[in-house]
Trainee: 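Take a look at this one; I'll ask things after.
Only this structure's heavy atoms are used, side chains among them; waters, hydrogens and symmetry mates stay out. Below, chain A is the first sequence line, B the second, and so on; all start at residue 1.
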Protein chains: 2
Amino acid sequence: MPATPPSKPAARRRAATRPESGPGLGDGPLYLGLQRSLARSLAERRWPPGSALPSETRLAAEHRVSIGTVRKAIDALVAGGMLVRRQGRGTFVASHTPDRLLFHFFHVVARDAPAASPRELPSTRLLSFRHARAGAGVAEALAIAPAARVLRVENLLHLQGRAVLFDEITVAAARFPRLDRARLERREGTIYGLYESDYGIDVVRSTERLSAVACPARIARLLGLAPGDPVLRIRRVAYGWGDRPVEHRVSWVDTRTHEYLSDLWKRGPDPRG
Amino acid sequence: MPATPPSKPAARRRAATRPESGPGLGDGPLYLGLQRSLARSLAERRWPPGSALPSETRLAAEHRVSIGTVRKAIDALVAGGMLVRRQGRGTFVASHTPDRLLFHFFHVVARDAPAASPRELPSTRLLSFRHARAGAGVAEALAIAPAARVLRVENLLHLQGRAVLFDEITVAAARFPRLDRARLERREGTIYGLYESDYGIDVVRSTERLSAVACPARIARLLGLAPGDPVLRIRRVAYGWGDRPVEHRVSWVDTRTHEYLSDLWKRGPDPRG
DNA sequence: TTCGATTTGTTCGTATGTATT
DNA sequence: TAATACATACGAACAAATCGA
């Protein structure tokens, strides 16, 4: 028996990588096309956060690809934090729970805390909510006009009962209609959860730039520092689907008792023997 | 025809996930066992940095697993930065080239530089090389005794022709015998490349903790700052195979012209539609 | 409690495309 | 051109987790 003959000889739409595009997955490898297609569906809220995607079997049938191709497409979105797999249950759209915040977006921890130790969720106190104009720097980060209206929120964050971090958040007012101080204060969960639930805006990634600066007097007062004391300043831009900027945030951190932890690993099974 | 009958009905060593361990891959899923096995081989320098691993076909045959399982094991090591795939050529052991330094370990960039812009490699000037004792903090980080002998190196790093960063590097003297100032100064490539080529010690990951501090007088002089000016201090611990600490490093960064960039993404095809 | 249906997780094997030498 | 190596794709079978009947 010279090896099993091609028991499934033909009838497939394509052999392996296909030079032409299939029905509607775009060009390039199939799994990338499917990945883009799924990302687009997620951006359009076809499956809202927290809900389950169709099973891999169904997705494979609907898109006319094999289940292995579906898995590879989903793998990338799971690695990017947009989807969550649960064996025996299904694949779910990631939601902005406190857990996700801690894992993906909040990097300030108690000094000398082990990298793998459980992190503490900060408690937030809203200090101010104002309407303003973007200005040059924020405008560039948010890809809006410098004169565009923005909302500016100031928060004081506590860790271990201590004021550690002052946040200045700026978002385009046009994207968050009717957002007001009351709504912010009575929210449950994180601000990103509010963006998600009230406005259908998902933050999917962020970049942060850190520098050391002399603490402004007002912030020093809030953090219990002397004016001019060194503080860690973090400028974060948070992006949504399609790399569209959603939020500009500047944080000032009192690093006497806390610090910024940049691990850069811990995803999937540890690849170090 | 009720679907192709199982044309390959038996003879496999195992069916799917196997409760028992195979030849020597340990417990758990096969691909994890293989991943650990490969990591161990890499740690033992079975294939030196820059060299090619056996082909996936060969690895599959040697370990008596399918090629898909081999690919999954290698995928994780590639994601961790220990291996590099090159289509048509093979899979290679990652070496500590300047490129790898920039991508995985060096995060200081010019202010407001786009996140995706090409980064600049710093030029290094060695300021001092001394023998010393570890002391409490370093000892804990390096998992050695506080009285253990260490080597301490001070470097001044320039970016865009400007002194931007002061480095204080500490390693256990026992692991780097006969390392001296002359060898450090005449090295080509990065310090991690020297660890690799001269001592067979690979840095595979690092954690960094950032805080803002008042600049010590001596460092201020070197960086062109006034004593007490805010500087960004980075405490890095670099780890080798098996999460063994290799190096303790404290960096002081002048963040008037440069900043620390924490992207946390950009690996693999972008999962955002 | 047991059992079956459903869904993801793991493994195998094969075929073919694409890049390199 | 031929051989080799990784990349993509398909499909099948079984394991493990989950949930509800």
Side-chain angles (χ1 to χ4, degrees), chain A residues 1-22 25 27-35 52-61 63-78 83-92 268-269, chain B residues 1-22 25 27-35 52-61 63-78 83-92 268-269:
Chain A
M1 60 330 182
T4 54
S7 58
K8 193 71 70 65
R12 284 300 311 166
R13 187 161 50 84
R14 50 188 99 68
T17 54
R18 139 251 62 224
E20 294 293 317
S21 69
L25 294 178
D27 55 350
L30 264 187
Y31 75 93
L32 277 182
L34 179 54
Q35 181 181 321
L53 263 64
S55 74
E56 298 175 345
T57 314
R58 277 180 58 82
L59 285 172
H63 291 87
R64 317 284 227 71
V65 299
S66 78
I67 193 170
T69 301
V70 171
R71 285 187 65 80
K72 191 157 182 177
I74 291 180
D75 280 345
L77 295 167
V78 169
L83 295 179
V84 177
R85 282 201 159 105
R86 277 178 251 174
Q87 185 176 357
R89 306 232 289 134
T91 302
F92 298 80
Chain B
M1 56 335 180
T4 53
S7 57
K8 192 71 68 67
R12 284 302 310 167
R13 186 161 50 85
R14 52 186 99 66
T17 54
R18 137 251 68 222
E20 295 294 316
S21 68
L25 294 178
D27 55 349
L30 267 185
Y31 73 93
L32 279 182
L34 179 53
Q35 181 181 321
L53 263 65
S55 74
E56 297 176 345
T57 313
R58 278 178 57 82
L59 285 173
H63 291 87
R64 320 283 228 71
V65 299
S66 79
I67 193 171
T69 301
V70 171
R71 283 188 66 81
K72 194 158 180 177
I74 291 180
D75 280 345
L77 296 167
V78 169
L83 295 179
V84 178
R85 282 203 162 103
R86 275 177 252 177
Q87 184 175 0
R89 306 230 289 136
T91 303
F92 298 81

Trainee: Whole Å only: how far is the NE2 atom of A/H63 from the P atom of D/dA9?
Mentor: 14 Å
Trainee: Return the polar atom pairs (N/O with N/O) between nucleotides 17-19 of chain D and the protein under 3.5 Å, or none.
Mentor:
unit_1: D/dC19; atom_1: OP1; unit_2: A/R89; atom_2: NH1; d: 3.2

Trainee: Residues in salt bridge (Lys or Arg N to Asp or Glu O under 4.0 Å) with A/R89, at least two apart?
Mentor: none
Trainee: Return the nearest nucleotide to the side chain of B/R85; candidates are D/dA7, D/dC10, C/dT10.
Mentor: D/dA7
Trainee: Between P on C/dT6 and CG on A/L53, what's the gap in Å once rounded to a whole number?
Mentor: 19 Å
Trainee: Could you tell me how far apart B/F92 (CZ) and C/dT20 (P) are, to the nearest whole angstrom?
Mentor: 11 Å
Trainee: Which value, rounded to the nearest 0.5 Å, describes the distance between A/T69 atom OG1 and A/L32 atom CG?
Mentor: 11.0 Å
Trainee: Could you check which of C/dT10, D/dA9, D/dA7 has an atom nearest any side-chain atom of A/R71?
Mentor: C/dT10
Trainee: Starting at atom CG of A/L34, determine the distance to atom P of D/dT8, rounded to an integer number of angstrom.
Mentor: 14 Å
Trainee: Can you tell me the pairing partner of C/dT1 across any strand shown, Watson-Crick or G-U wobble, with both distances under 3.5 angstrom?
Mentor: none
Trainee: Separation of B/L59 atom CG from D/dT4 atom C1', in whole Å?
Mentor: 15 Å
Trainee: Name all residues meeting the side-chain hydrogen bond (donor to acceptor under 3.5 Å, both in side chains) criterion together with B/T91; count only those two or more places apart in sequence or in a different chain, and write none if there are none.
Mentor: none
Trainee: Rounded to whole Å, how long is the line connecting atom CG of A/D75 with atom P of C/dT8?
Mentor: 12 Å
Trainee: Is the phosphate of D/dA9, meaning OP1 or OP2, less than 4.0 Å from a side-chain N or O of A/K72?
Mentor: no
Trainee: Looking only at heavy atoms, which two atoms of A/A76 and A/Q35 are closest? And how far apart?
Mentor: CB-OE1, 3.3 Å
Trainee: How about A/L30 and A/L34: do any of their side-chain heavy atoms sit closer than 4.5 Å?
Mentor: no
Trainee: Taking only residues two or more places apart in sequence or in another chain, which ones pass salt bridge (Lys or Arg N to Asp or Glu O under 4.0 Å) with B/R58?
Mentor: B/E62
Trainee: Under the rule for salt bridge (Lys or Arg N to Asp or Glu O under 4.0 Å), what residues qualify as partners of A/R85, not counting sequence neighbours?
Mentor: A/E56, A/D75
Trainee: OP1 or OP2 of C/dT10 versus the side-chain N and O atoms of B/T69: is any pair under 4.0 Å?
Mentor: no
Trainee: In whole angstrom, what separates A/R64's CZ from D/dA9's P?
Mentor: 16 Å
Trainee: If each of A/I67 and B/E56 is mapped to the nucleotide of DNA chain D with the nearest heavy atom, which maps nearer the 5' terminus, i.e. the 5' end?
Mentor: B/E56
Trainee: For A/G68, which contact category applies under a 4.0 Å heavy-atom criterion: base, sugar-phosphate, or nothing?
Mentor: nothing
